[in-house]
Amino acid sequence: AFAEFYAVQAGQQIGATGETFELDDATLEHRIPLNSWGDVGVEDLAVEDYAYAATYHLATLIGGRTDLAGLRAVWKAASDDELSYLPIHPGVAPGVSIAVTQKGWQRLLDLLEERTRKSYTDLWDEWVVADADRPLLAERTAARSAYAAAIRRAADWELPQRIRYDLGSWNFDAATEEITAADNILLQRDQIATAARRLDLMPPPTLESAFEGGGGLPAAADEANAELTTLDDISDAGALLAAEPSTLESIGLLGEEPQQDLDAARTAFEAGDLGASDQAAARLTTVRSGAQDAGRQRVVIVGGGLLGLDTLAMAGVSLRRRRRRRRMEQLHARVHPTFTQ
């Protein structure tokens with residue numbers, strides 16, 4: 001069909017004349033879905049005539065929606081085995097090659113719409129697909145709509161390549177599940193940004209790397225959950241530290257540096273070291289929460305020590321008094337012996 005299309009284009013430019021395939025009422029009586037067109041010699045000649053005329057007609061309809069440059073981009077992508085759905089941000093590798101499960105009529109539709117940014121689904125519905133394949137077009141439309149919405153939500157993040165692969169493979173159930181999972185992670189990304197901003201923190205790049213990288217969406221979901229948990233821990237630790245300590249708590253905090261632990265937790269979070277951040281926040285929480293008990297223990301220890309010193313002092317005074325009394329008695333005896341006897 002496109003060989004005829006380009007031949008006609010070239011012939012018109014050089015002023016050549018000739019006949020083209022025409023769709024008339026007689027030809028249309030033998031209409032079939034074009035992706036049902038069998039090999040040469042298999043179909044009835046009337047069906048063959050219709051198929052040649054219909055494919056050329058379809059090529060002209062496609063050409064009317066784009067230009068020669070757009071078609072060249074389609075043929076180049078097909079020749080280079082490019083994925084139908086490419087990353088939208090510059091510098092991102094396209095990833096895995098085309099899916100072997102994709103049929104030619106499916107891949108052509110995807111490449112046309114992705115490379116020329118025009119819609120041809122209605123043409124496929126009218127001219128190409130059989131009734132058995134028509135539900136696939138509806139599934140494709142829904143999946144592509146969800147994909148486009150996910151791209152908008154992702155903003156400057158790139159959607160995982162697995163989504164692009166499954167969408168181009170017409171594996172729409174898997175693609176839709178992955179898009180839903182990606183949407184949940186993007187929602188958590190926004191929650192992380194809000195919580196971090198409230199704490200005057202900058203989210204680390206680890207979630208974006210996990211989301212876009214080869215670890216898969218489960219790894220990204222784990223990272224998002226961990227970051228939200230760490231932010232909660234930092235927030236709770238900061239609230240504990242900000243509370244005015246009682247006298248006992250102040251005594252219990254003597255020698256401790258909880259502010260250093262909070263600073264360490266914040267620094268580690270921004271560096272993406274969630275384990276170190278959690279440990280620092282937990283250390284602060286343990287010290288601050290246990291400050292009153294620690295203060296009470298110190299008071300008891302110090303008070304007991306003072307009581308012991310008082311007892312010793314009183315015992316010393318009593319001993320000195322007894323010794324003084326004995327010396328006085330001995331002196332008195334020497335002066336008045338008879339009295340003593």
Inset, instruction - Please check if the side chain of S79 supplies one atom and the backbone of W75 the other of a donor-acceptor pair under 3.5 Å. - result: no
Inset, instruction - Measure the spacing between CD of E4 and OG1 of T20 and express it to the nearest 0.5 Å. - result: 7.0 Å
Legend entry - Worked verdict on T230 versus D278 for side-chain hydrogen bond (donor to acceptor under 3.5 Å, both in side chains): CA-CA 6 Å; T230 298; D278 291 338; 2.8 Å; yes
Legend entry - Interatomic spacing from CG in L217 to CD1 in I163 - rounded to 0.5 Å: 5.5 Å
Inset, instruction - Report the C-alpha distance between V128 and L109 in whole Å, list the side-chain angles of each, state the deciding distance to 0.1 Å, and finish with yes or no for side chain to side chain contact (heavy atoms under 4.5 Å, CB included). - result: CA-CA 10 Å; V128 177; L109 177 58; over 6 Å; no
Legend entry - Least distance between heavy atoms, I185 atom then A220 atom: CD1-CB, 3.7 Å
Inset, instruction - Taking all heavy atoms of A237 and all of L262, pick out the closest pair and write down the distance. - result: CB-CD1, 4.5 Å
Legend entry - Y147 side chain reached by R164 side chain, heavy atoms, under 4.5 Å: yes
Legend entry - Basic-acidic side-chain contact under 4.0 Å: D190, R153: no
Inset, instruction - Supply the atom-to-atom distance I151 CD1 to R144 CZ, rounded to the nearest 0.5 angstrom. - result: 9.5 Å
Inset, instruction - Spell out, yes or no, whether L45 and Y50 are grouped together once hydrophobic residues are joined by side-chain heavy atoms under 4.5 Å, including indirect joins. - result: no
Inset, instruction - Output the distance between atom CD1 (I192) and atom CG (L186), rounded to the nearest 0.5 Å. - result: 10.5 Å
Inset, instruction - Measure from NZ or CZ of R134 to the centre of the six-membered ring of W124, then state whether that distance is under 6.0 Å and the direction lies within 45° of the axis. - result: no
Inset, instruction - Report yes or no: does R189 contribute a side-chain atom to a donor-acceptor pair with the main-chain N or O of A154 at less than 3.5 Å? - result: yes
Legend entry - Any F172 side-chain heavy atom under 4.5 Å of D166 side chain: no
Inset, instruction - Taking the side chain as every heavy atom from C-beta outward, state whether L71 and F2 have any pair of such atoms under 4.5 Å apart. - result: yes
Legend entry - Closest non-hydrogen atom pair, T116 against G70: CG2-O, 3.7 Å
Inset, instruction - Using atom types as modelled and distance alone, determine if a side-chain donor or acceptor of S235 lies under 3.5 Å from a backbone N or O of L231. - result: no
Inset, instruction - Verify, without hydrogens or angle tests, whether S277 (side chain) and D273 (backbone) share a donor-acceptor contact under 3.5 angstrom. - result: no
Inset, instruction - With side chain to side chain contact (heavy atoms under 4.5 Å, CB included) as the test, would you mind laying out the steps for L68 and Y6 before giving the verdict? - result: CA-CA 9 Å; L68 294 180; Y6 282 113; 3.8 Å; yes
Inset, instruction - Give a yes or no answer on whether the side chain of E158 reaches the backbone of H89 with a donor-acceptor pair at less than 3.5 Å. - result: yes
Legend entry - Under 3.5 Å: donor-acceptor pair, side chain of T60, backbone of H57: yes
Inset, instruction - Please report the C-alpha distance between T27 and D24 in whole Å, then the side-chain angles of each, then the deciding distance to 0.1 Å, and finally whether the side-chain hydrogen bond (donor to acceptor under 3.5 Å, both in side chains) criterion is met. - result: CA-CA 5 Å; T27 306; D24 52 28; 2.6 Å; yes
Inset, instruction - Compare all side-chain heavy atoms of T121 with those of E113 and state whether any distance is below 4.5 angstrom. - result: yes
Legend entry - Shortest non-hydrogen contact from N35 toward A130: OD1-N, 3.4 Å
Inset, instruction - Would you mind checking if D122 and R65 are paired as a salt bridge, meaning a charged N to carboxylate O distance below 4.0 Å? - result: yes
Legend entry - N/O donor-acceptor pair under 3.5 Å between D80 side chain and E82 backbone: no
Inset, instruction - Nearest 0.5 Å please: distance from the CD atom of E114 over to the OH atom of Y85. - result: 5.0 Å
Legend entry - Residue pair E126 / L58, side-chain heavy-atom distance below 4.5 Å: no
Legend entry - Euclidean distance, W127 CH2 relative to T55 OG1, rounded to 0.5 Å: 10.5 Å
Legend entry - E212 vs V92 side-chain heavy atoms within contact, under 4.5 Å: no
Which atom pairs, one a donor and one an acceptor, fall under 3.5 Å between side chains of residues 198-208 and the rest of the protein, sequence neighbours left out?
residue	atom	partner	partner atom	Å
T206	OG1	E223	OE2	2.9
T206	OG1	E227	OE2	3.1
E208	OE1	W157	NE1	3.4

Inset, instruction - Assert yes or no for the condition that the ring centre distance of W37 to Y52 is strictly below 6.0 Å. - result: yes
Legend entry - Check ion pair D263-R266 (N to O, under 4.0 angstrom): no
Legend entry - Nearest heavy atoms of L167 and A143, plus distance in Å: CD1-CB, 3.7 Å
Inset, instruction - State, yes or no, whether a side-chain contact exists between Q191 and L187 at a heavy-atom distance under 4.5 Å. - result: yes
Legend entry - pair Y165-E178: side-chain heavy atoms closer than 4.5 Å: no
Inset, instruction - Kindly determine whether L34 and W105 satisfy side chain to side chain contact (heavy atoms under 4.5 Å, CB included), including the steps that lead there. - result: CA-CA 9 Å; L34 290 176; W105 64 271; over 6 Å; no
Legend entry - Chi angles and distances behind the side chain to side chain contact (heavy atoms under 4.5 Å, CB included) call for L136, Q106: CA-CA 10 Å; L136 281 174; Q106 296 170 340; 4.0 Å; yes
Legend entry - Heavy-atom closest pair, residues R107 and S84: NH1-OG, 3.3 Å
